[in-house]
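The analysis underlying the following values was restricted to heavy atoms, covering all of them including side chains, and did not include hydrogens, waters or symmetry mates. By convention in this document, chain letters (A, B, ...) are assigned in the order of the sequence lines, proteins followed by strands, and residues within each chain are numbered from 1.
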Amino acid sequence: MHGTHVTTGEQRFDVQGITRVEGEGSLRLVVRDGQVIESQLAIFEAPRYFERLVVGRTPNEVLDIVARICGICPVAYQMSAVHAFEDLGEVAIEPSVRTLRRLLYCGEWIESHALHVYLLHAPDFLGCANAVELANLDRAAVERGLALKKAGNRIVAVLGGRPIHPVSVRVGGFSKVPTKRELQALRPDLDAALDHALATVDWVATFVAPDFEREERFVSLRHPTEYPMNDGRIVSSDGLDLAPTDWETAFQEEQVPWSHALQAHMGDRVPYLLGPAARITLAADQLHPTARAALDRIGLADAIRRNPYWSIAARAVELVHAVAEALDIVDGYVPPERATEPWTPSAGTASWATEAPRGLLFHHYELDERGRIASARIVPPTSQNQAAIEADMTSFAPSILDEPHDVATHRLEQLIRSYDPCISCATHFLDLTVEASS
Amino acid sequence: MVSGSQSGALRDTWFGARLPEAELGRLQAHARSASYEAGAEILREGDLTRDLGIVVQGRVALRLRVPERGMTTVLTVEAGEIIGWSAVVPPHRSTSTVIAVVPTDLMLLDGAALRTELDADPVLAAAVYRSLLEALADRLTGTRMQLLDLFSQHRDEPW
Amino acid sequence: MTGAVRATIASRPRLGIMKFASCDGCQLTILDLEDHLLDLLVRFDLVEFAEASSYRSSGPFDIVLVEGSISTPEQAEEIVRIRRETPLLVTIGACATAGGIQALRNWADHDAYRAAVYAHPEYVESLATSTPISDHVAVDAELRGCPIDPGQLLELLTALTVGRRPQLPDESVCLECKRRGTVCVLVTGNGPCLGPVTHTGCGALCPAYARGCYGCFGPREAANAPSLARWFGRDGRSDADTARLFSGFTAYAPPFRSVIDSLGGPPIASHSGEDA
Amino acid sequence: MVMTSAAVPGFLPRAGLDRLLDLLAADGRRVIGPTVGQGAVVYDEIHHASDLPAGWTADQAPGSYRLRQTGTERQFDYAVGPTSWKHETFPPRVPLTIGRRVNGQVTFEDALPAAPPVAFLGVRGCEIAALLTQDAVLARGIAVDRDYAARRAAALIIAVECVTPADTCFCTSMGTGPEVTTGFDLAMTELDDGFVVRAGSPAGERLLERLELTAADPGRTTAAQDAVAAARERMGDPVPTAGLPARLIAAAESPQWAEIAERCLACANCTLVCPTCFCTGVTQVSDLDGFEATAERTWDSCFTLGFSKVAGGNFRPRVQDRYRQWLTHKFATWWDQFGMSGCVGCGRCITWCPVGIDVRAELMAVAPPPPALKAAVGIIEPARPTTVKSVPPAASAALLTAPIPLPAVEELPPTYARTFVAERRRETVDTVTLRFDTSDPDLLAGRPGQFVMAALPAFSAAPISVSRFHRDGLELTIRAAGAATRALCELRRGDSVGLRGPMGRGWPVDAAEGHDVVIVTGGIGLAPLRPLVDALLADRTRFREIRLLYGARSPADRLYVEELSELAARPDLDVGQIVDRAGPDWFGRVGVVTGLFDQGHLDGPNAVAYVCGPERMMTATVDVLRDRGVSDDRIFVTLERHMECGVGLCGHCQLGKSFVCRDGPVFSLAEMGPAFGREGL
């Protein structure tokens, strides 16, 4: 549904219902006399009020509920929440439980990145409308993507029972932890997945990305010894350095009139970008050696930083990282003594940030004296990226104004997809009703 | 329709056989017989029902007009059974169209005269109403069974 | 007989997959049928699946799978339109079949909800309720669950290609627990479990992971939720705590809803976070 | 050193248990026994004695099970837990057949997995009784479940006497324990320092010899006996069983059923933990095109709604009906079916009921014993006929060669005769008649009223009445009522289908000899009566007047229209037809089928009636027949019930004491008694 309204001196690009993104969104760009006067990423996603839904619930109930914010990255929501509650309760989880949490997250990264790279994003580079068409061109590639995705899903399913909305994450650990044998059973799939992930890196490196560069402010977690995932400090490409509990000291959210969106920004109102490109830019030195070598081999580190279309390469490299790390964890696994550490809910403030596949995900809860949620704030990565996406659309616009309108519109849509926006995630913040244009 | 006075027949019908002897004789005066060719319309839905009828021989169909489906037969009445009970029960309008399916002989009792007799004679009324009630109850039971549409196929699943 | 949808490579039915208020997880389950995905998709003409394909269609369809609950005025109109466009409408997931977790707001003061999340609630248009699709239009079949089970989804799609009735039993989770050898967590005291009154389909997941079922597939036929609720209350559990057990992803489905009501409502109230 | 022999029990020191396990392993047997897992004593693979639940027991109460440590080294101090041996002998899912269908041609092949040797360690008296009970149902009746029989034959039974009954146990009342008396290879009694071991079969004797035990001294032997006796003492007799079956049947209309349904969740836990419940369904696992499908036998339960579903309806929609079916079957009709009780008193259904419904209390509430009986303690009806002998498990052939009441004529998995469609005739908009050519002698030997199971890969096998027998084939008239019947209706000439049968008991033709015959039917119900008409007319002189009364929805919904006209023209047969509604071009009767009785005289006391149609139609017809003086033993009806297997093994079609598929589908009203037309049976 590509709308086009060309008036004298004015070009409008409307995509009502961007496809191959999670959830329902639209974009609008209005250019008048060469100047971008409107650049909006809007979302037709009905609000579901999760921050309200969790009020009155126990922390463990919250883990089940917040997973439902997003079907693509439920683990991310469980992770930010569970770390927040454990931080508040000063629960010391066993190292092997902590490792299992990372493994669970690896599974989700693999599943989410494989989905985006193969089924949602790659069709753009190869001129296809979907994965079925892509399979007609290159069935082996799609099957490779599906195998990767399946490997990720299997990790989540072994640890949490099912790939979407897994059930085992509990404050203090897991309701049940796998046996050594159960994890070992993942190995054949993961071995194959590592080959697939490396092949993915080489495959996407052959793609031709539109010529577009800009300087971006990146934000991600950074940990002294690990690639950012569950733990670390919040850092930015221009020097920010915060504890994961302190996101609110540097960032604010505000509601913009054309959107249900609560857009996040830093004090200086300069947009910032989260996600694979940010992590690769800020923490490439922590990549698993196999992933690091793959990144070096394709030589796209710079392109990832400058050109948003190359986020596909960042995801491919992170696929290698997640599979390689998962293999290491499976091999070194020693089941914990206890699946769950005992824990008593208490009053206070619980907050934490982890790295969802799409970037930094911040949770903040106030708990009452019975340990029930009194208030909540959940800041998903897509809401934080929205301003950066709109700014990039503005920068990108001049390069497509001479293209035929539908080509230009398609380019814009592609640009949006390269950020892997997760609109369902953004439940509580996104729902832009596009103002009626004449 | 061919009409005639056939006074001997009422006693031989299911309806007549149940009447007390004295009353039977009195009703006999209001009885006449009628014959219909196959396809003849005996009564039309909505019309005034002038006679209570007893099928002596043949078969009549009770039909309702269903605009989407045309005329639908909902019941056939066989020899020995009654038609036109609305001749006795207000508002005396026929609830269906009655057609002779095959050549049919009816015994007809004049409705107005019958009603007058019934009002005047509790013994007759008791006997007639009882027979009518039984006939109607039978018909109601049958109608309920038909309503169940037992032989139809339930297809509430799309597969 | 006529009327049966049959999907083959030779005659591909027009398939639409769409969503309302939801997390996308049930649609994602379609893509999670990794091993069968490509073989399945060639048997359908996938004319609408915005999550995974750039082609769009507003109808007509032969089959529509709908995810999500109805929670805005536009959605309430759109589902009526879609129903007109398809002979076979299948709802997928707890949001579409029961209203989802967001249906908890049906007990609450909606304006208070909006104000709690948005500084400018006047910008946000949404219904006061989140309701299942079947509250708005007739539904031909449903896949339960939050999210739906990939096995059940494959069974549905396979049944459509083979031309048979999908095997989607409406029985308790307990049967599956017993078949897979999981010991009853309710009886061993490892937590309250909604399995006995919950619709099967997940493979009895939660008890196998050492926790009670939280009812994400919704009430099964003849779900005797009041009896189970009385049992939960037997060992000193408060009505409010029993109510919270039923106040999950299918809370608004009738037998659970009435139990919640009888126990004083779900933990979330419009005016405060108090639950009794 | 005195070596043990068959006659002399030996003593196995606790430390010697691993030697027993090693011997079993050396024989290639997997050992299944008790171990602690998931908060309970469950049966799982046992590799070492250390896998056993040493020092564990459990406190059991209605709806509650809690593990508890005893502080001793004893390994068998628990009462039965959530698992039963049927997980091994009758697994939850077993592939039966693989069906393939290519270009309209079907093939079926057996898919049963192998049954490798296994040993069950720690089998209790009540559990042996349960195994013997399932033997009677699944392996010793007129139909044999081959998978069960093979697994059972492959299992060595090592019993351990129960000396620690739970509060939920009542084997003493059911006459199944606690003493282990039969049906075992080895039986052990645990003492503080080891086990007194005795053999119960040749295989057990050989094993005992190889254990090279010293003879148990008299002190130990006595201690072992005392321990079991003490267990019996502790249990008492909580369920007076004298006269219980009759009392339960008499209580069919008790208000107590509805009261139980207030609490019962119909979750099916009781039936699945029950070691004797045997009901199963068949699940089809097919590829995307239905070219290949595996039929799996799957545990089912009479508590699910789908269990009693038939096309367009359900026979047990209410929970109270389902509970009544279960309890009545266990404690009453099981006797009629198998000559024994279906309950062994293990108490699992009590402990594992999520809301603690106690079957002992419900029995007493529904069918209270007469006051005199309550007083007379110890009057226990023999719960298990002594004629049910143990099955020597090590001798696998014994199970199948032991005397059984009737020759095993049917088996699961089923075998289907591939049969080809020779002719296809459309009867009505949704009904076709298919003529099949076959030389299969079984199929050709069918009798009027019998049915076949018609199977297409990927679809559940459908019971279809034979609508005509030919010298070289048979006809099936099929209405597209569901997916499977629709697929059958779509078959074309030359296509093949798997047929099995004929099955069930047909119309008793001889019963009509010398009598008037009235055949009353409606809709598709004419199909199973058509062979009866054929049979009557083939031997017309044996019968007096024959009247066929047929009701249909509309003239166009009638089957065999031309044939009916021909029949109506015969002087020796009276045909009445009636439809529920008709257009103006119909000159026949309109109304209900019972209205046809007014057409002429019915000499009730001299008549035999055959009735087939929707149940509501049949009850109305039976009312008229009885009113006209036809006696119940001369009124035959045919019943529709959910059927999965067709041979009395899946349990779905039970009606009171009968399996409709095997004992019916034709019954006389006299046989059915008050069950006919009653809600929820």
Side-chain angles (χ1 to χ4, degrees), chain C residues 1-4 7-9 36 39-40 43 154-155 157-190 193 195-198 200 207-208 210 220-228 230-232 234-235, chain D residues 37-40 42 44 63-67 81-83 87 92-93 261-269 271-273 281 283-284 286-290 293 298-301 303-307 317-319 322 351-356 429-430 458-460 480 482-484 486-487 489-490:
Chain C
M1 273 309 281
T2 53
T8 63
I9 298 173
H36 306 280
D39 287 339
L40 264 175
R43 286 165 170 79
L154 184 61
E155 169 62 18
L157 296 174
T158 303
L160 286 171
T161 63
V162 174
R164 62 169 167 78
R165 178 185 297 126
Q167 301 165 110
L168 303 168
D170 186 2
E171 58 194 32
S172 73
V173 171
C174 302
L175 281 101
E176 211 44 38
C177 251
K178 292 293 176 285
R179 290 183 191 124
R180 69 184 277 178
T182 302
V183 176
C184 182
V185 295
L186 187 52
V187 171
T188 53
N190 286 327
C193 178
V197 294
T198 297
T200 192
R220 50 170 270 252
E221 97 24 73
N224 193 349
S227 172
L228 189 61
R230 283 195 299 274
W231 187 258
F232 287 154
R234 181 194 52 131
D235 44 8
Chain D
Q38 304 181 65
V42 295
D44 205 342
S64 173
Y65 182 103
R66 296 289 184 280
L67 275 181
T83 34
H87 276 268
R93 277 193 189 82
E262 289 283 303
R263 288 171 282 138
C264 175
L265 306 177
C267 62
N269 274 303
T271 55
L272 299 194
V273 294
T283 309
Q284 300 287 335
S286 80
D287 65 6
L288 286 178
D289 295 298
T298 311
W299 280 3
D300 203 343
S301 167
F303 278 95
T304 69
L305 183 66
F307 189 81
R318 300 180 305 178
V319 170
R322 304 181 209 173
T351 300
W352 300 97
C353 174
V355 290
V429 65
D430 61 2
F459 295 92
S460 45
R486 189 171 59 234
C489 283
E490 286 169 0

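Put simply, of D:G37, D:A266, D:G39, D:G306, the one with the most heavy-atom pairs under 4.5 Å next to chain C is D:A266. Your options are C:L186, C:D170, C:L175, C:V197, and the one with the most heavy-atom pairs under 4.5 Å with chain D is C:L175. Ranked by heavy-atom pairs shorter than 4.5 Å toward chain C, the options D:G63, D:G290, D:C264, D:A261 are led by D:G63. Of the listed residues D:S64, D:P82, D:C267, the one with more heavy-atom pairs under 4.5 angstrom with chain C than any other is D:C267. Interface check for chain D: of the options C:T158, C:V173, C:V183, C:T198, the most heavy-atom pairs under 4.5 Å are formed by C:V183. Heavy-atom pairs under 4.5 Å with chain D peak, among C:G189, C:G195, C:P169, at C:G189. Among D:A40, D:G356, D:S301, the residue making the largest number of heavy-atom pairs under 4.5 Å with chain C is D:G356. The choice from C:R230, C:R220, C:E155 that makes the most heavy-atom pairs within less than 4.5 Å of chain D is C:R220. In terms of heavy-atom pairs under 4.5 Å with chain C, the best-connected choice from D:R263, D:Q38, D:E262 is D:Q38.
Not a single donor-acceptor pair under 3.5 Å links the side chain of C:R179 to the backbone N or O of D:R93.
For the pair D:F303/D:L265, no side-chain contact is recorded, criterion being any heavy-atom separation below 4.5 Å from C-beta on. Proximity of D:S286 to C:R164: side-chain heavy atoms (C-beta onward) are separated by under 4.5 Å at one or more points. Inter-residue side-chain proximity for D:C353 and D:T351 is flagged as unmet; no heavy-atom pair is nearer than 4.5 Å. When side chains are defined from C-beta on, C:F232 does not count as touching D:V355, because their heavy atoms never get closer than 4.5 Å.
Neither the backbone nor the side chain of D:D44 comes within less than 4.5 Å of any heavy atom in chain C. With a 4.5 angstrom heavy-atom cutoff, D:T271 does not touch chain C via any of its atoms. With a 4.5 Å cut-off on non-hydrogen atoms, C:R180 does not touch chain D at all. Of the atoms belonging to C:T200, not a single heavy atom falls under 4.5 Å from chain D.
C:T161 contributes atom OG1, which lies 7.0 Å from atom CG of C:L40 (distance to the nearest 0.5 angstrom).
Residues satisfying the side chain to side chain donor-acceptor pair (under 3.5 Å) test with D:S460, not counting sequence neighbours, are none.
In plain terms, the two heavy atoms of D:R66 and C:T188 that are nearest each other are NH1-C, 3.3 Å. Minimum interatomic distance between C:C174 and D:N269 (heavy atoms only, all atoms of both residues): SG-ND2, 3.1 Å.
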